[in-house]
Amino acid sequence: MPASDFTPVSAFDLPRFAGVPSFMRLPHLGLDDPRIAEVDIGLIGVPWDGGTTNRPGARHGPRALRDASTMVRAQHPVSGLRPFEAVNCADLGDVPPNPSNLEDSMARITAFYGRALSAGLRPLTAGGDHLSSLPILRAVAKDGPLGFIQFDSHTDLNDSYFGGEKFTHGTPFRRAVEENLIDPARMIQIGIRGTVGDSEDRDFAKAAGIRIVTVEELFARGIPDVMAEAREILGTRPAYLSYDIDFVDPAFAPGTGTPEVGGPTSFQALQVVRELAGVRLAAADLVEVAPPFDLGSATAWLGASLLFEILCVMAAG
Ligand code: MN
Ligand code: MN
């Protein structure tokens, strides 16, 4: 199949509100489709929020993001990059989760990504709650730990919840460091803020050498300066980008389970990703979009726009 067949359906041919929605109006390929060998970047939905500790709803994220992403157009507004001409992209569908079983859901996610990676593509995920990143990392980092950049208002580095539960959306990166999936020396978290129960997660980060940039530091120094440091920390080897939509101020992204006030605007949300140009991303995710709390699809549209920004970094890297 020629590469041109991986281009999105044009809004000049079919209006954006018509047709069955796929991510960015790209062709939908199952993992068994032989054309998957031609895919460079595969968009995958993880409709699962089994790790949520408070307000659920991110299981509905992929469907809302697919719908909103039908508004994504062909060309980046600043760089001029036309990612769908640079790389072959496709919607690989959703991981089928088991909403009744957390461990089985994680095993299903790792297996799905293992199959996708064996086709030689790089995955771009629409979550799902933030625990989704852990089983994805188990597949993506199977050959050694990756650099890691996280936009989030929370560290997600807690040890456990509810008397010993090790797998929640507040613990994935504690586990990922323990499992040697990410290199703490090449790890940076940006946007951290809000009240906390204690500082055990930050004590762990400090001991492990993980760089935490609070939102106060981000605004005091400015985004370009902080992102220059982030590029330095990530270096030239492959890295994983994890973007929790609650990094953004709830005025711009109300549709999420654990909002924190005092955050970046929608413009700043895009700007931090644009500043990653040149970083080699092995994989990336956009998580915690919870449509039941959304207002006028604002969060879904921002999330879809962020998926396009991340796709452009991956396509150029
Ligand atoms: Mn998170
Ligand atoms: Mn968060």
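Computed from a predicted structure; not experimentally measured. Basis for what follows: all heavy atoms, side chains included, without hydrogens, waters or symmetry-related copies. Whatever order the structure lists them in is the order used to number ligands and atoms, beginning at 1.
Ser105 contributes a side-chain N or O that, together with a main-chain N or O of Asn98, makes up a donor-acceptor pair within less than 3.5 Å. In terms of modelled atom types and a separation under 3.5 Å, the side chain of Gln150 and the main chain of His154 share a donor-acceptor contact. The closest donor-acceptor contact from the side chain of Arg186 to the backbone of Phe148 lies at 3.5 Å or more, if one exists at all. The backbone N or O of Ala58 sits less than 3.5 Å from a side-chain atom of Asp49, completing a donor-acceptor pair.
When the Mn ion (ligand 1) is compared with the N/O/S atoms of His130, atom ND1 turns out nearest. If you look at Asp246 and ask which of its N, O or S atoms sits nearest the Mn ion (ligand 2), the answer is OD2. Within Asp156, the N/O/S atom positioned nearest the Mn ion (ligand 1) carries the name OD2. Atom ND1 is the N/O/S atom of His154 found closest to the Mn ion (ligand 2).
Among the backbone and side-chain atoms of Asp244, an N/O/S atom is found under 2.8 Å from the Mn ion (ligand 1). Contact annotation: Asp129 places no N, O or S atom under 2.8 Å from the Mn ion (ligand 1). Note on Asp152: counted as a metal contact of the Mn ion (ligand 1), an N/O/S atom lying under 2.8 Å. Here His169 does not reach the Mn ion (ligand 1): none of its N/O/S atoms is less than 2.8 Å from the metal.
Using cut-offs of 30° and 60° for the angle between ring planes, the Phe84 and Phe308 rings count as tilted.
The neighbour count for Arg108 CZ, taken as heavy atoms of other residues, nucleotides or ligands under 6.0 Å away, is above 12.
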